[in-house]
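Numbering of residues begins at 1 and proceeds along the displayed sequence.
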Amino acid sequence: MSMQMGMAMFPLFVTETLRGTSGEVGFLVGLCALLEIPVMVALVTWRRLPGVPTLVAAGMALFVAHFALVYVADGLPLLIAAQVIRAVVLAILAGLGMTYFQTLMPGRFSAATTMFANTGSIGGMLSGITSGAVAQTLGYRSVFLVCAALTLLGFLVMTWTNRCRPA
């Protein structure tokens, strides 16, 4: 949900709040897309990676940092740093999100895959309503604070779940 909220509001935040241009939005979004693939390749070739829960937790923590950077940004330098972090997050979570759900439900791969897909659909539906309401009430910048809070909450639930699960 927070990923979709942030992406929907990012162009409006850059152009309306920071008074940037659509060209800057294109550069920032393109930069993230450009970096995702090399980061994915680097992760695939990196030996001795931590386990899936650790990588997903790291991705979630980095996503909190991404949203925090966007929230405090007042120009391109912090937004560029935030997009680099977003590329790392997407490289991790795009490849391992479903795998993480499958580790939570061993032997139930179809159910885990369906649950993963459904959470994305539900998050997408709720993101538009939530981000619109927050932006209208508190401004575009506040959406990224809500995104950071939601992601942090998800990180905390995931950390608690990982500690409560038997090895």
Side-chain angles (χ1 to χ4, degrees), residues 1-43 46 49-97 100 116 119-163:
M1 180 175 158
S2 61
M3 178 176 64
Q4 292 182 19
M5 285 174 60
M7 193 61 219
M9 291 294 135
F10 187 71
L12 293 168
F13 171 69
V14 172
T15 57
E16 298 296 320
T17 302
L18 299 181
R19 300 290 179 219
T21 66
S22 58
E24 290 171 336
V25 172
F27 166 73
L28 292 164
V29 172
L31 175 65
C32 179
L34 175 71
L35 295 176
E36 283 177 50
I37 300 302
V39 172
M40 284 182 188
V41 171
L43 287 171
W46 189 11
L49 281 172
V52 170
T54 302
L55 283 171
V56 171
M60 296 286 284
L62 284 171
F63 222 11
V64 173
H66 159 76
F67 289 125
L69 274 178
V70 174
Y71 177 76
V72 300
D74 59 357
L76 278 179
L78 284 181
L79 292 176
I80 289 170
Q83 290 304 96
V84 170
I85 292 171
R86 183 179 178 87
V88 173
V89 169
L90 294 177
I92 293 170
L93 298 182
L96 296 177
Y100 176 71
F116 176 77
T119 60
S121 298
I122 292 168
M125 287 187 294
L126 294 175
S127 71
I129 296 165
T130 306
S131 61
V134 171
Q136 185 173 12
T137 307
L138 303 170
Y140 294 116
R141 188 179 298 274
S142 297
V143 171
F144 297 96
L145 188 60
V146 172
C147 290
L150 287 171
T151 305
L152 179 61
L153 179 63
F155 171 80
L156 293 172
V157 168
M158 187 180 66
T159 302
W160 177 74
T161 302
N162 286 337
R163 289 188 184 177

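- Of all heavy-atom pairs spanning Gly128 and Ser131, the tightest one is O-OG, 3.5 Å.
- A distance of 7.0 Å separates CG in Leu93 from CE in Met60, rounded to the nearest 0.5 Å.
- A side-chain donor-acceptor contact under 3.5 Å links Glu24 to the backbone of Thr21.
- A 4.5 Å side-chain heavy-atom check between Phe13 and Val143 finds every atom pair outside the cut-off.
- Side-chain atoms of Thr17 do not come within 3.5 Å of backbone N or O of Val14 as any donor-acceptor pair.
- In terms of heavy atoms, Tyr100 sits closest to Met158 at OH-CG, 2.8 Å.
- Residue Ala73 comes nearest to Leu18 through the heavy atom pair O-CD2, 3.6 Å, listed as atom of the first residue, atom of the second, then distance.
- Judged purely by atom type and a 3.5 angstrom limit, Arg141 has no side-chain atom pairing as donor or acceptor with the backbone of Ala135.
- Expressed to the nearest 0.5 Å, how far OG1 of Thr54 lies from CD1 of Ile92 amounts to 11.0 Å.
- In this structure, the separation between CG on Leu145 and CG on Leu138 is 9.0 Å, given to the nearest 0.5 Å.
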Discussion item. Walk me through whether Phe144 and Leu69 qualify under side chain to side chain contact (heavy atoms under 4.5 Å, CB included).
Written reply: CA-CA 9 Å; Phe144 297 96; Leu69 274 178; over 6 Å; no
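- When all heavy atoms are compared, the tightest approach of Val70 to Ala82 is CG2-CB, 3.7 Å.
- Closest approach of Gln4 and Ser127 over heavy atoms only: CB-OG, 3.7 Å.
- Atom OG1 of Thr151 sits about 11.5 Å away from atom CG of Leu62, to the nearest 0.5 Å.
- Less than 6.0 angstrom separates the ring centroid of Phe63 from the ring centroid of Phe67.
- Residues Ala91 and Val39 share a closest heavy-atom pair of CB-CG1, 3.4 Å.
- Side chain of Gln83 to main chain of Leu28: a donor-acceptor pair is present (N/O by atom type, distance under 3.5 Å, no hydrogens or angles).
- Inter-residue side-chain proximity for Arg86 and Leu35 is flagged as unmet; no heavy-atom pair is nearer than 4.5 Å.
- The closest donor-acceptor contact from the side chain of Thr15 to the backbone of Pro11 lies under 3.5 Å.
- Here CG of Leu90 is found 12.0 Å from CD1 of Ile85. Values are rounded to the nearest 0.5 Å.
- If you take SG on Cys32 and CD1 on Ile80, they are separated by 12.5 Å, rounding to the nearest 0.5 Å.
- With a 4.5 Å cut-off on side-chain heavy atoms, Met5 and Leu150 count as touching.
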Worksheet item: Does the side chain to side chain contact (heavy atoms under 4.5 Å, CB included) test come out yes or no for Val29 and Met7, once each step is laid out?
Response: CA-CA 9 Å; Val29 172; Met7 193 61 219; 3.7 Å; yes
